[in-house]
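Below is one structure, written out as structure tokens; comments come after it.
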Amino acid sequence: MSPMMTHTTPPDAQPVPLETRGSATPILSIDLQQIRLNHHAICAAFPDALVYYAVKANPAPEVLASLTAAGCRFDVASLGEARAALLAGAEGCHLSYTTTVKKAADIKAAHELGVRVFAADSADEIDKIAGAAPGSRVFVRIAVDDSQGTAAAPFGSKFGCEPELAADLLRRVARVGLVPAGVSFHVGSQQLDVDAWEQPIAAAATICRQVGWELPLLNLGGGLPAGYTEPVPALSQYAAAINQSLDRHFGGSRPQLILEPGRAIAASAGTTECEVVQVTHRRGERWVYLDVGRYGGLAETENEMIIYPMCAPDVGGPLGPVIVAGPTADGDDILYQRHRPELPLALRAGDRVRIGCTGAYTATYSSVSFNGLPPLRMRVVDSTLASRGSR
Ligand SMILES: *Cc1c(COP(=O)(O)O)cnc(C)c1O
């Protein structure tokens, strides 16, 4: 591992409050101290950027409140997320509503809550915003080619206009009485290529020249990674690559930068404690069935896209590879079959397994009661203080 690469704390070394260890599983613990550290690290690596936390990564009220206290702003993708951010103390003027697929009624309600920054990638959406949130600032989102496979969760073709159409859309923004904010994009979540921002930054600079006026903002989206089981480039490497691209394409007239990190703030703050339901040897393979699975919050294990670190902190002895599956009667509820985590050979039903780096895109993905199983419970703690109780 090069010294520039960073790695998550192994799950057995993460601060899991003692009370959690005796409580019913599965339970996700979120450590607010780690949320603050992650936010601070991003602010330190990108001192010129305004940071808007992508609420969908983990909308726990305590997470939003601690980020508000740290001066963070919020990127919301629904009215519910906007309300959650406001309840956590954020001001409407510090929210952006930058998904490009919104109902007119939701745009209007968000505007009434004080939201003044939106995004669009089509003429239809621009006209909706003009009608429902007059005078607002609007980003035009461009598509990013993320087909190279360097992002664990690419956005594919769902969002963003072709860069060639962006200048026209920005002119339309101005024509209908809205304020063109600039270009936005998302390079794909858990983006491991530090150069992935180069192509959309180049496109954004071209678009600025095409429209002929200065665009005040440039929204670099999310994509900064969390360290799961593989080392990932350090934030400083992302910042260096992005700064080079900005220098190359914008020179001395850089727009104000916006970042929308979700995963990089929330993931490493979460640890899930779960229990082994069964260990089975079948056709020469060792299967470990946990009481948390694909439908209990670990949706990002689909196609083994995200490989969470796991360990059994209370079981000693040698380790061996296992297939890991969830508890439901669904045949797709297998977490890892290609990639084989190593768990103790002595592991038995009833033992605890700890899954690290589960703070982002987990609790909100858990189903309400598939197979009659309750959604993943979440407990928010602050490792610098005492436990704050669970929900
Ligand atoms: C989900 C999302 C993000 C957060 O992405 P991460 O990869 O988790 O950082 C940022 N911006 C937008 C518009 C999103 O939809």
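Only this structure's heavy atoms are used, side chains among them; waters, hydrogens and symmetry mates stay out. For ligands, and for the atoms within them, numbers begin at 1 and follow the listed sequence.
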Could you identify the single nearest non-hydrogen protein atom to [atom] and state the distance to 0.1 Å?
atom: atom 9 (O) of ligand 1; value: Gly262 N, 2.9 Å
atom: atom 1 (C) of ligand 1; value: Lys56 NZ, 1.2 Å
atom: atom 10 (C) of ligand 1; value: Glu260 O, 3.2 Å
atom: atom 8 (O) of ligand 1; value: Tyr361 OH, 2.5 Å
atom: atom 5 (O) of ligand 1; value: His186 NE2, 2.9 Å

Within-4.5 Å side-chain heavy-atom neighbours: [X] and [Y]:
X: Ile42; Y: Leu259; result: yes
X: Phe370; Y: Asp330; result: yes
X: Cys274; Y: Leu290; result: yes

Can you find a non-hydrogen atom of [X] under 4.0 Å from ligand 1?
X: Phe159; answer: no
X: Thr98; answer: yes
X: Ala77; answer: no
X: Ala264; answer: no

Original post:
Under a 4.0 Å heavy-atom limit, does Lys158 contact ligand 1 with its side chain, its backbone, both, or neither?
Top reply: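 The answer is neither.
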Original post:
How does Gln191 reach ligand 1, by side chain, by backbone, by both or by neither, if only non-hydrogen atoms under 4.0 Å count?
Top reply: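 The answer is neither.
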What atoms of ligand 1 come closer than 4.0 angstrom to any heavy atom of [X]?
X: Arg263; result: 6 (P), 8 (O), 9 (O)
X: Pro261; result: 9 (O)
X: Ala54; result: 3 (C), 4 (C), 10 (C)

Original post:
Can you list the residues that meet the side-chain contact (heavy atoms from CB on, under 4.5 Å) rule with His94, with sequence neighbours excluded?
Top reply: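 side-chain contact (heavy atoms from CB on, under 4.5 Å) check on His94 returns Arg73, Glu91.
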Subject >> Partner set under side-chain contact (heavy atoms from CB on, under 4.5 Å) for Leu257, not counting sequence neighbours >> reply: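 So Leu257 forms a side-chain contact (heavy atoms from CB on, under 4.5 Å) with Ala49, Leu218, Leu220, Leu246, Arg254.
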Hey, is ligand 1 close enough to [X] that some N/O pair sits below 3.5 Å?
X: Arg141; answer: no
X: Gly223; answer: yes
X: Ser189; answer: yes

Give a yes or no on whether the backbone of [Y] and the side-chain of [X] come within a donor-acceptor separation of less than 3.5 Å.
X: Thr301; Y: Glu304; result: no
X: Lys56; Y: Gly262; result: no
X: Asp121; Y: Arg141; result: no
X: Asn371; Y: Leu373; result: no
X: Glu125; Y: Ser122; result: no

**OP:** Test side chain to side chain donor-acceptor pair (under 3.5 Å) on Thr150 and Gln191 and set out the steps.
**Re:** CA-CA 6 Å; Thr150 55; Gln191 176 56 261; 2.6 Å; yes
